[in-house]
Structure formats: C-alpha cells, structure tokens
Amino acid sequence: MIYDVIIIGGGVIGCCIARTLSKYDLKIALLEKEADISMGTTKANSGVVHAGYAADRQYIKRHLSIHGNKLYTQAYRELNFPFQRIGSFVVAVEDSQIKDLEDERKKGIQDGVPNLELIFDKKRIKHMEPSLTDDVVAVLHAPTAGLVSPYELTFALAENAAMNGVKFFRSHEVVKIKHTDYTFSVRTLRDEFKCRNLINAAGLYAANISKMLGLDYFDIMPRKGEYILFDRNAMHLNKILFPIPTVVSKGILVCPTLHGNTFVGPNAQNITDTEDTSTTEAGLKEILEGAKKLVPNLPLRASIRNFAGLRAVPNTHDFIIDNTDVYGFINVAGILSPGLTSCFAIAEKVEEFLELLGVVMKVKEDYNPIRPRPERFKDLSKKELDKKIQEDASWGKIICRCEVIPEKEILDAIHAPVGARTVDGVKFRCRPGMGRCAGGFCRPRVIEILSRELNLSYEEVTKKGEDTNYLICHTKDLLLNEINKGEEAE
Ligand SMILES: Cc1cc2nc3c(=O)[nH]c(=O)nc-3n(C[C@H](O)[C@H](O)[C@H](O)COP(=O)(O)OP(=O)(O)OC[C@H]3O[C@@H](n4cnc5c(N)ncnc54)[C@H](O)[C@@H]3O)c2cc1C
C-alpha cells in the first residue's frame, strides 16, 4: 500500500498534523520510535499556551503562536482536552524594567494579541494574585494566555485522528529513507512503508531525518529545562507568573497546573546528549532562586518530583517549516517554545504546503471532529457515581489513592484508540502514579491490569517500552527450583 502522507514523530506537532489532515480523504500513517506517542519533548514542558507577544517580530514563531493561541478555542470544544485561559503576568520588580513591558504591550497589540494590559496599581495586582512578591512594581497582564495538559492534548489529537482513519505505528524508529519516482520508501526497525508525501516532525531528531534525504541545512541542539513540582493543593495561584525574559528563555516561571499542582522552572542549559533528562543540584538551586523572586513563600515541603525536558533548538533560532527541494518532503523542525501554543497554526501551514504540492484535499463526508471527553471519577457527583458503580463495578475499585483513579479510567485509557500499552502510557493518560507516592501503591496494580487487558505476561509489561521491564522473573519459582534440585540430589 502507498500512503498519501506519512508523518514521522508522534509528539504534539506530528499528532496535530495527523488530526488536521484526517479530515481529508487521504491515506495517512504516523510512525513513532517510542513505545507510545507524546513521550519526547511534549511530555515535559511548562504547558503554557502563550499569548504570543514574546518572540521577536522577525521570527515566524511569533506569528504562528499568536494565531495558534486563537485556534485553541475551537480545538478545545472539539477535542475535550484539559485547557483553561487563566491569564499570565510578566512581573517587573524594578522601575527600569517597565519600558520593556510597555514595548511588548504595544507591539503585541499591533500584532493582534488581545487585551494586553500594563497594570501599576499594586493593590489590584495583589488582589489578582495574592502570592506575588511585595517587590512588584508593575505587571504585563495577558488574559488570553492559558494552561494546557500537553500530553492529554496529544492523546486527544491522536485519538481523533485514529477515529478518522489515521494509522499509528508505535515502536517504529525510522532508520532509512529513499526517494525514487516520486515515492518515499521509509524503513523502520520493524517494517518498510511507502508514501507520496513525507512530513518530518521528529523533534530533537529532525535534523537526522532530514539528512537521510541529503538535506543538511540545519542543526538541532538540545537545551535542558529543569522543574520542581509541588503536590496538589499545596498552594493556589490564579495566574501564570513570568519574570522579565532573558535572551535564551522566558525565564523561570511559577505556574499552576490544571490538576491542582504548582511547578517552578524551567532553567535553560545547552547540552549535547539528546536523552539527558537528569536533574542536577545546581539546576534545582537555580530554579528555586529564580522562582522565589516572584513568589517568596513557596511550599518547599510539598515538593513531590523533579524532572527535566529538552527543547529542540535549531541553529536558525526559529521554527523550520519548509517545503523542501525533495518533492513531497516537508520539514517541521526546530519546534522549540512556543511550539505547543503554535501546534494548530503549524498544522495549517502543512495543509497549505500539501495543497501547493498538488495533493487533492477533499473533505471526507464522514469526518468527525469530536473526541468525546474521557469520563473522570472526580467530575462525578455521588449520585452519578453510585449509578455508575452499579452498572460497572470497576468504577468503584480505586487503583491510585493519591489521585483517586478507579480501574475504569485505566481500562478506558488502555482501550481508547491509540491506547496505553505501558505503565507510563497509563500514567500520562489518566494519572495513576502522578501523586505524592509516585506510584508506590498503584504500580503493581497497573501492571496487573495491563497484563490482563493486553494479554501480556507480567514480565512483558514495561515502564515505557523495550528494556524498561519492571519484573524479570518469578523469584519464588527460582527458589523452589533450587530447593527441588537440592532435594533430588539427596
Ligand atoms: C522546558 C520546556 C518548556 C516548554 N514550555 C513550553 C510552553 O510553555 N509553551 C509552549 O508553547 N511550548 C513550550 N515548549 C515547547 C514545546 O514543548 C515543543 O514545542 C513541543 O513539545 C514540540 O513537539 P514536537 O512534536 O515537535 O517534538 P516531540 O514531542 O519531541 O516529538 C517528536 C517525536 O518524534 C519521535 N522521533 C524522533 N526520531 C524518530 C525516528 N527516527 N523515527 C520515528 N519517530 C521519531 C520522538 O520519539 C518524539 O516522540 C517547551 C519545551 C521545553 C523543553
């Protein structure tokens, strides 16, 4: 079979492109090297849907993020992922910083960022965000900035794309590409695929994919950002808090999440290893010092996890979205921040490129843009829950006590289109293991459920794919064998 379009990379960008193209009468496949989608940069970032004024005007990322922010409104209605426009503050703590904020505001308004406001009234500022430092002299308020759960957005995109016919191939690392007679042959570690058009959305590895076709015109460098996460309800923030930005990043944020946690970070360190997501003492110190300048009273005792994400930084410092010299090959590379914000606008750009390439873009009659909202225990009233438990007892079996997740939500995560196959896949879809005990109680139960539902032995269930198995053998059997051997010898 020859696909019309193959997408390499199952991060938010690849999945958003897949979902956007799934409305057309096209044969589409997505190839992802990891055991699950959304496990690259998309898994660990700030989850902020930026208002869009932060990048320089010379960069397309500015214009795509301003437009992308607006596209979230409709996408949220259709895809039912966690998203909320709570607004952001950029916080000035010295009078000398006010001029920069005023410039940002003016340029932002000229470029279409709605309702940007510079606020000087300290009483009003503190009323809007009581946790903020008393040193504040002014804030730039962007009410259209929001929070999204990046991986839940990505799962929603993939589910809807799959519902509309896109085929997902996980654990399929692309290792070789040939282009002959207007057809791409794409070899993965498991299989070979053919297509007319090929889209490279491989994140940190996008330059390697481009080089497979002899296109060596950009490089991607990893830039690490570390975070500290605080427990649910440890503090309450109304706004996303940014300091005045630096040349390389938007600075260290103090930010709520949509699940009731708070995080501080990220810092920005250029590194060379594309797999190095370790956290360091120096890095954590740096982010705490930065965060305390915005919120002096952080709930330090409620810290539950440190983690790091890697930005895919291109040497052009801007998104690389190109219809390349290889006919039918589109690079969507170097999608650093604000890539999450821009994903829907980036997918529109890819749509335009495919049209330019002469691909027939006919909307399918049976296209369904709606991905139903996953049912959540915590959203149900007692009466609704009682009814559900009577109909299906798995609603009443609580597997994760920290996050209060019943077995039913785990079953739904496994049996959804492009469903969970690993313990991390379950954790990121419906949160068992995300709480204070970090999976200490629920992990064995999740392994048991995955084993039962996917017909795998316990030893075959992994954290996140190959070589990450939790259980190696039945230790009791080993001992029994030894005892039996000894008894036979006697
Ligand atoms: C610290 C940090 C903070 C950020 N904060 C924000 C923010 O607040 N707001 C915002 O808008 N953006 C933010 N971003 C940026 C945002 O996270 C990225 O723009 C976005 O996640 C990029 O998605 P992607 O799909 O391009 O990359 P990825 O998520 O990395 O996806 C690429 C996929 O390609 C796969 N792949 C690679 N090579 C191959 C191969 N050979 N074969 C098959 N598959 C392959 C990978 O496994 C991966 O799943 C932040 C990023 C970081 C690191």
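Just follow the structure's listing: the first ligand is 1, and inside any ligand the first atom is 1.
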Please identify which atoms of ligand 1 are closer than 4.0 Å to at least one heavy atom of [X].
X: His50; value: 7 (C), 8 (O), 9 (N), 10 (C), 11 (O)
X: Val12; value: 20 (C), 21 (O), 23 (O), 25 (O)
X: Glu34; value: 47 (O)
X: Gly10; value: 33 (C)
X: Gly9; value: 33 (C), 34 (O), 35 (C)
X: Gly47; value: 8 (O)
X: Gly203; value: 27 (O), 32 (C)
X: Pro338; value: 10 (C), 11 (O), 12 (N)

Would you mind reporting whether [Y] and [X] have side-chain heavy atoms less than 4.5 Å apart?
X: Thr154; Y: Phe81; value: no
X: Leu450; Y: Val426; value: yes
X: Ser38; Y: Phe428; value: no
X: Glu32; Y: Met39; value: no
X: Val48; Y: Phe242; value: yes

> Rounded to the nearest 0.5 Å, what separation is found between the OH atom of Tyr76 and the CD atom of Gln84?
Replying inline: 7.5 Å
Does an N or O anywhere in [X] fall below 3.5 Å from an N or O of ligand 1?
X: Thr341; answer: yes
X: Ala44; answer: no
X: Gly225; answer: no
X: Thr41; answer: yes
X: Lys33; answer: yes
X: Val174; answer: yes
X: Ile335; answer: yes
X: Leu340; answer: yes
X: Ile13; answer: yes
X: Tyr227; answer: no

>> Would Lys239 and Glu129 count as a salt bridge (Lys or Arg N to Asp or Glu O under 4.0 Å) here? Give the steps.
In response: CA-CA 7 Å; Lys239 297 284 171 195; Glu129 182 47 78; over 6 Å; no
Return the residue, atom name and 0.1 Å-rounded distance of the protein heavy atom closest to [atom].
atom: atom 51 (C) of ligand 1; answer: Asn45 CB, 3.6 Å
atom: atom 21 (O) of ligand 1; answer: Thr42 OG1, 3.1 Å
atom: atom 31 (O) of ligand 1; answer: Gly11 CA, 3.3 Å
atom: atom 14 (N) of ligand 1; answer: Ser337 CB, 3.6 Å
atom: atom 37 (C) of ligand 1; answer: Ala202 O, 3.3 Å
atom: atom 52 (C) of ligand 1; answer: Arg311 CG, 3.5 Å
atom: atom 38 (N) of ligand 1; answer: Tyr205 CB, 3.4 Å
atom: atom 5 (N) of ligand 1; answer: Ser46 N, 3.3 Å

State, without any angle test, whether [X] and [Y] hold a side-chain donor-acceptor pair at a distance under 3.5 Å.
X: Ser171; Y: Glu466; value: no
X: Ser46; Y: Tyr227; value: yes
X: Asp322; Y: Asn331; value: no

>> Taking atom CG as the centre, does Asp273 end up with more than 12 heavy-atom neighbours from other residues, nucleotides or ligands that are less than 6.0 angstrom away?
In response: yes
>> If you count heavy atoms of other groups shown closer than 6.0 angstrom to CD of Glu281, is the number above 12?
In response: no
Residues [X] and [Y] bridged, charged N to O under 4.0 Å:
X: Arg232; Y: Glu403; result: yes
X: Lys211; Y: Asp219; result: yes
X: Lys23; Y: Glu351; result: yes

>> Under the criterion salt bridge (Lys or Arg N to Asp or Glu O under 4.0 Å), I'd like the reasoning laid out for Arg196 against Asp4: C-alpha separation, chi angles, the key distance, then a yes or no.
In response: CA-CA 5 Å; Arg196 299 279 182 223; Asp4 297 302; over 6 Å; no
Where's the contact between [X] and ligand 1, heavy-atom distance under 4.0 Å: side chain, backbone, both or neither?
X: Ile209; answer: side chain
X: Leu31; answer: backbone
X: Ala201; answer: backbone
X: Leu310; answer: backbone

> Nearest non-hydrogen atom to atom 33 (C) of ligand 1 belongs to which of Glu173, Glu32, His172?
Replying inline: Glu32
>> Going by ring pair (Phe, Tyr, Trp, His ring centres under 6.0 Å), name the residues that satisfy it together with Phe353, two or more places apart in sequence or in a different chain.
In response: none
> With Asp36, which residues qualify under salt bridge (charged side-chain N to carboxylate O under 4.0 Å, His left out), at least two apart?
Replying inline: Arg170, Arg429
>> Taking only non-hydrogen atoms of Arg223, do any sit less than 4.0 angstrom from ligand 1?
In response: no
